[in-house]
Protein chains: 2
Amino acid sequence: MTMKANLLTHAEALARSRGIDAFSYADLAAATGIRKASVHYHFATKADLTLALIEDYAARIADRLNQIEAQSAAASGALRDFLQLYHDALGTGDSLCLCVAFSAATDSLPEASVTRVEAFRKDVTAWLNAQFNRARQDGSVRALSDPAQEAAALFALVEGAQLVARAARNPDRFTDAVAHFSDRLIMGAIQ
Amino acid sequence: MTMKANLLTHAEALARSRGIDAFSYADLAAATGIRKASVHYHFATKADLTLALIEDYAARIADRLNQIEAQSAAASGALRDFLQLYHDALGTGDSLCLCVAFSAATDSLPEASVTRVEAFRKDVTAWLNAQFNRARQDGSVRALSDPAQEAAALFALVEGAQLVARAARNPDRFTDAVAHFSDRLIMGAIQ
DNA sequence: GGGTATCTACCTACTAGTTGGTAGATATGA
DNA sequence: TCATATCTACCAACTAGTAGGTAGATACCC
C-alpha cells in the first residue's frame with residue numbers, strides 16, 4: 001500500500017472513531033510512522049485530506065450498493081444487506097460510518113467537503129428510493145408507503161441508530177433500533 | 001439572568017450549532033463580554049461546563065416530557081408533541097438537540113458527561129416506551145409492535161432526522177424523515 | 001555510458017496562533 | 001471586613017502549516 005493510501009486508511013479510522021475535529025496531523029504521523037511535515041506533503045491542508053476521505057468513501061460505498069443491488073433477487077434482500085452494511089460499519093461499537101461522522105461535524109468542515117457529503121447523502125437516498133420502488137413491484141416490503149418518504153425515513157433511522165449504538169458502545173443498539181423496520185422485510189428462500 | 005446562567009445559555013447554543021469540540025472559553029468570553037479567566041471562575045474546567053450543560057438540559061427536557069404527557073388525551077398526541085419538540089430544537093436548521101450534539105462527540109467528552117448523556121437517553125427512551133404502552137391501551141398508534149422496539153426505533157429516527165436536517169440546513173428534512181411515523185398516529189378531535 | 005536535471009518522498013526545525021488553565025491583583029457590595 | 005466576581009497577565013501544550021534541505025529513483029540529452 002502506498003503511504004498516501006495508508007494515511008487515508010488511518011485518517012478514516014480516526015475520523016470515524018473520534019471525529020474529524022478530534023484528530024490531528026500529529027496523530028496521523030504517529031499512526032503511520034512518518035513525520036508531520038511528510039503528511040502535509042501528501043495532503044497539503046486538512047481540507048484536502050477531508051475531501052479525499054469523503055471522495056474515497058463515497059466511491060467505495062457506491063460500488064458496494066451497486067453490488068448489493070445486482071446480487072439481490074428482491075428489494076427486501078437489498079435493504080437487508082444495506083442494514084448489514086451500516087451495522088458492520090460500527091465495528092465493536094466504537095466507530096461510525098464516515099457520513100454520520102461528517103454530518104455531525106458540518107461546521108468544522110471545509111465547504112467543498114460539505115457539498116460532497118450532501119451529494120453522497122443524496123445518492124444513498126436515491127438508491128434507497130430505487131429499492132422501495134422495486135419493492136412496490138415485487139411486494140417484498142410490508143405496509144409500503146411513498147418510496148421517497150420511506151427512503152428519507154430509513155436513511156435517518158440508520159444514521160440515528162449508528163449514533164445511539166456508538167454512544168452506548170454497543171452495536172446491538174443498532175439492531176434494536178432497526179428491528180421494527182427489519183420486520184417489514186419479506187424474505188424469500190434466496191435473496 | 002446571572003452570569004452563570006448567561007454562560008450556560010451561550011454554551012448550549014454554541015454546543016448545539018457547532019459541537020462541543022468546536023467552541024472555546026474564548027468564544028464564551030466574547031459572547032458574554034467577560035474575560036476568559038472569568039469564565040473559568042464560573043466553570044473551573046470544560047468538563048465542569050459540559051456536565052452542567054447536560055444536567056441543565058436533561059432537567060428541562062424531563063419537565064417538558066412530563067408536561068406533554070399530562071396534557072395529552074392519547075398517546076398519539078404525546079408522540080406528536082414529542083416530534084414537534086425535536087423539530088423545534090432544529091431552529092432554522094442550524095442547531096441540534098444537545099443529546100445529538102453530545103452523542104456525536106462522545107470521545108471528547110469527560111466520562112461523567114458521557115454517563116449523564118447515557119442516563120438521559122435511557123430516560124427519554126423509557127418515556128417513549130411508556131407512551132407506546134399507553135398506545136396499546138388507547139389504540140391511537142397504527143400497526144403497533146413491541147413498545148420497547150418502537151421506542152428504540154423512534155428515538156434513533158428523531159436523532160438521525162436531526163442530523164440529516166442540520167447537515168442540509170433545512171428543518172423540512174426532519175419532517176420528511178418522520179412523516180412515515182407521523183402517519184401512524186391516529187389523532188382525535190382533541191389531543 | 002556519463003552527466004545533468006527533475007521528481008518523489010521524506011526529513012529537521014520552525015512559525016503563528018489557539019487551547020484550557022492558573023496566579024495574583026482589584027473592584028464591589030453586604 | 002470579607003466573600004463574590006471580575007480583571008490583567010501569564011503558561012505549557014497543542015494546532016495547522018511552512019521553509020528549506022536531502023537521499024534516491026527516473027528521465028533526458030550529448
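Every chain is numbered from 1, with letters handed out A, B, ... down the list of sequences.
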Give a yes or no answer on whether the side chain of [X] reaches the backbone of [Y] with a donor-acceptor pair at less than 3.5 Å.
X: A/Arg116; Y: A/Leu51; result: no
X: A/Ser95; Y: A/Ser17; result: no
X: B/Arg184; Y: B/Val141; result: no
X: A/Asp88; Y: A/Leu85; result: no

Using whole Å, report how far [atom1] of [X] lies from [atom2] of [N].
X: B/Lys46; N: D/dA13; atom1: NZ; atom2: P; value: 20 Å
X: B/Tyr25; N: C/dG20; atom1: OH; atom2: C1'; value: 8 Å
X: B/Ile20; N: C/dT19; atom1: CD1; atom2: P; value: 15 Å
X: A/Asp27; N: D/dA13; atom1: CG; atom2: C1'; value: 14 Å
X: A/His40; N: D/dT15; atom1: NE2; atom2: P; value: 11 Å

Please write out the pairs of protein N or O atoms and N or O atoms of nucleotides 5-11 of chain C separated by less than 3.5 Å, giving the distance to one decimal.
| residue | atom | partner | partner atom | Å |
| --- | --- | --- | --- | --- |
| C/dC10 | OP2 | A/His42 | NE2 | 2.7 |
| C/dC11 | OP2 | A/Arg35 | N | 2.5 |
| C/dC11 | OP2 | A/Ser38 | OG | 2.5 |

So, for A/Tyr57 and A/Phe102, is the gap between ring centers shorter than 6.0 Å? no

Suppose the criterion is ring pair (Phe, Tyr, Trp, His ring centres under 6.0 Å): which pairs have a residue in residues 125-163 of chain B, not counting sequence neighbours? B/Phe82-B/Trp127

Look at all strands and tell whether A/Phe23 reaches a base, only sugar-phosphate, or nothing, counting heavy atoms closer than 4.0 Å. sugar-phosphate

